[in-house]
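Order of the sequence lines sets the chain letters (A, B, ...), proteins ahead of strands, with each chain counted from 1. Values in this document were obtained by computation on a predicted structure and should not be read as measured data.
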Protein chains: 2
Amino acid sequence: MSPADTRERLLDAAQRLFVQNGVRATSLRSITTEADANLASVNYYFGSKEIMVQAVFSRWLEPLNKDRLKWLDRVEEEAGDGPLEVEAVLGAFLGPTFHMMRDERARDFPCLFGRLHAESDELTAAIFEQFHDVQVRFIQAFLRALPHLNLPELAWRMHFLIGAMAYTFGAADILKFISKGQCTLSDLEGALKRLIAFSAAGLKAPVPNQGDTTQ
Amino acid sequence: MSPADTRERLLDAAQRLFVQNGVRATSLRSITTEADANLASVNYYFGSKEIMVQAVFSRWLEPLNKDRLKWLDRVEEEAGDGPLEVEAVLGAFLGPTFHMMRDERARDFPCLFGRLHAESDELTAAIFEQFHDVQVRFIQAFLRALPHLNLPELAWRMHFLIGAMAYTFGAADILKFISKGQCTLSDLEGALKRLIAFSAAGLKAPVPNQGDTTQ
DNA sequence: GTCTATAGCATGATAGAC
DNA sequence: GTCTATCATGCTATAGAC
């Protein structure tokens, strides 16, 4: 059932517990117990809790971001010299995360990542550095798809978009609460479609009048 | 400078440290040191750390939610029997939070609350129960302002909206990162206007075709 | 590679003097 | 109300047997 390799079992167990209780609140003891491994194994395989936390995140974040870029490559290729569709760029940005939830072992990673934002640390800062390439490429793509936005306006709207995404995964229980149990994340296609529809409309909205757009 | 009352000083210090380091990671020792009070004072005034955490949140959340309802009363009154404007309902929902940031003592509460979502607990569940009235009233108002949405579709969109809001306050450093330092939360009016424009467009967007809308 | 045992430290809570 | 001192517990990390 679970992989034989202790190192992988530790990562799986840590990920599961991080989702449930947060990174800080999860002890090495609970991880090694859950992984059916020895307390000392974490330090044997990783050297410290912090390095292990990094490993938990990098394990899925790296392929996830590669997926996003590959997907964006395809979208840009198909568009050629023509206009770039916002919905397509959004699909490249959001799709891989939703797709990830079809893989049983990666399933709870989007939830974990959604929750990470609140536990910001020196630790978190290191993780967000992995987004540099994705950030640069998607800013370019969005600017091309949304010629009515300048960089600061786009930055605000990407921020709202990322918030909506992070919250969708990290706070699914609140969705259930709002909808009186009628909405859950289990319909992944529907959720993705809804998030794209919502944020495409938000991104396309005209910029409201104001004085200074740089703050 | 700081209020003379120890109890208040403890709440202020706790709030400040919770924003910086998270609730779980903040020790009673650091709180009492920051508040210039004795280690035993937390247990003297509150009985336990958990009760104090509740107090930190209730202190601002209660007036905040009352503000939202009063603001919504006014919006509904002005609309009379006519149509209800989405932007006005959004103003009632979001405005009080932004307004709160003008009060020096409450300033970092929206950030704290934005970050809370990721530290969900039995503790958090109790806090979210304070939203019952606000939730009921705003769902009604949004349904009236957005007749093309049914409850499940609205619930999804409110979820996206709350995510964007929580992230705006809780992850302002990421906004700075995306915009290469050009965007900050310091222009509150601008931020509120942008968030309303973005989410009004998202809420108004037509519902994309799909089979089942209940999941 | 896996285990036990434990060092060294920080935590929340409390008892009791003032 | 405020303080010191301390308890019991839990934590990360490591040393060293097997």
Item to check | Pair A:Gln130, A:Asn65: side-chain N/O donor-acceptor within cut-off below 3.5 Å | outcome: no

Item to check | Phosphate OP1/OP2 of D:dT2: any B:Tyr45 side-chain N/O under 4.0 Å | outcome: yes

Next on the checklist: Quick one, B:Phe160 with B:Phe198, criterion ring pair (Phe, Tyr, Trp, His ring centres under 6.0 Å). Give me CA distance, side-chain angles, the key distance, then yes/no.
Outcome noted: CA-CA 11 Å; B:Phe160 299 146; B:Phe198 180 88; over 10 Å; no

Checklist entry - A:Asn38 has an atom CG; how far is it from atom C1' of D:dC18, in whole Å? => result 13 Å

Checklist outcome for this item: A:Ile31 atom CD1 is separated from D:dG10 atom P, nearest whole Å, by 17 Å

Checklist entry - Nearest-Å distance, CG (B:Leu10) to P (D:dT2)? => result 9 Å

Checklist entry - Hey, what's the ring geometry for B:Phe138 with B:Phe142, parallel, tilted or perpendicular (30° and 60° as the breaks)? => result tilted

Checklist entry - Have B:Arg105 and B:Gln15 got a donor and an acceptor in their side chains that come within less than 3.5 Å? => result no

Checklist entry - Once you round it to whole Å, what is the distance between P of C:dT2 and CZ of A:Arg7? => result 13 Å

Item to check | Atom-to-atom span, CG of A:Asp36 to C1' of C:dC3 - whole angstrom | outcome: 13 Å

Checklist entry - Under 4.0 angstrom, heavy atoms only, what part of the nucleic acid is B:Phe46 near: base, sugar-phosphate, or nothing? => result nothing

Checklist entry - Phosphate oxygens OP1/OP2 of C:dG1: is one of them under 4.0 Å from a side-chain N or O of A:Ser41? => result no

Checklist entry - Is the closest basic N to carboxylate O distance between A:Arg59 and A:Asp12 below 4.0 Å? => result yes

Pairs: protein N or O with nucleotides 7-13 of chain C N or O, under 3.5 Å:
| unit_1 | atom_1 | unit_2 | atom_2 | d |
| --- | --- | --- | --- | --- |
| C:dT11 | OP1 | B:Ser27 | OG | 3.1 |
| C:dG12 | OP1 | B:Lys49 | NZ | 3.3 |
| C:dG12 | OP2 | B:Leu28 | N | 2.8 |
| C:dG12 | N7 | B:Arg29 | NH1 | 3.2 |
| C:dA13 | OP2 | B:Lys49 | N | 3.1 |

Checklist entry - Does a side chain donor of either B:Ser41 or B:Arg7 reach within less than 3.5 Å of an acceptor in the other side chain? => result no

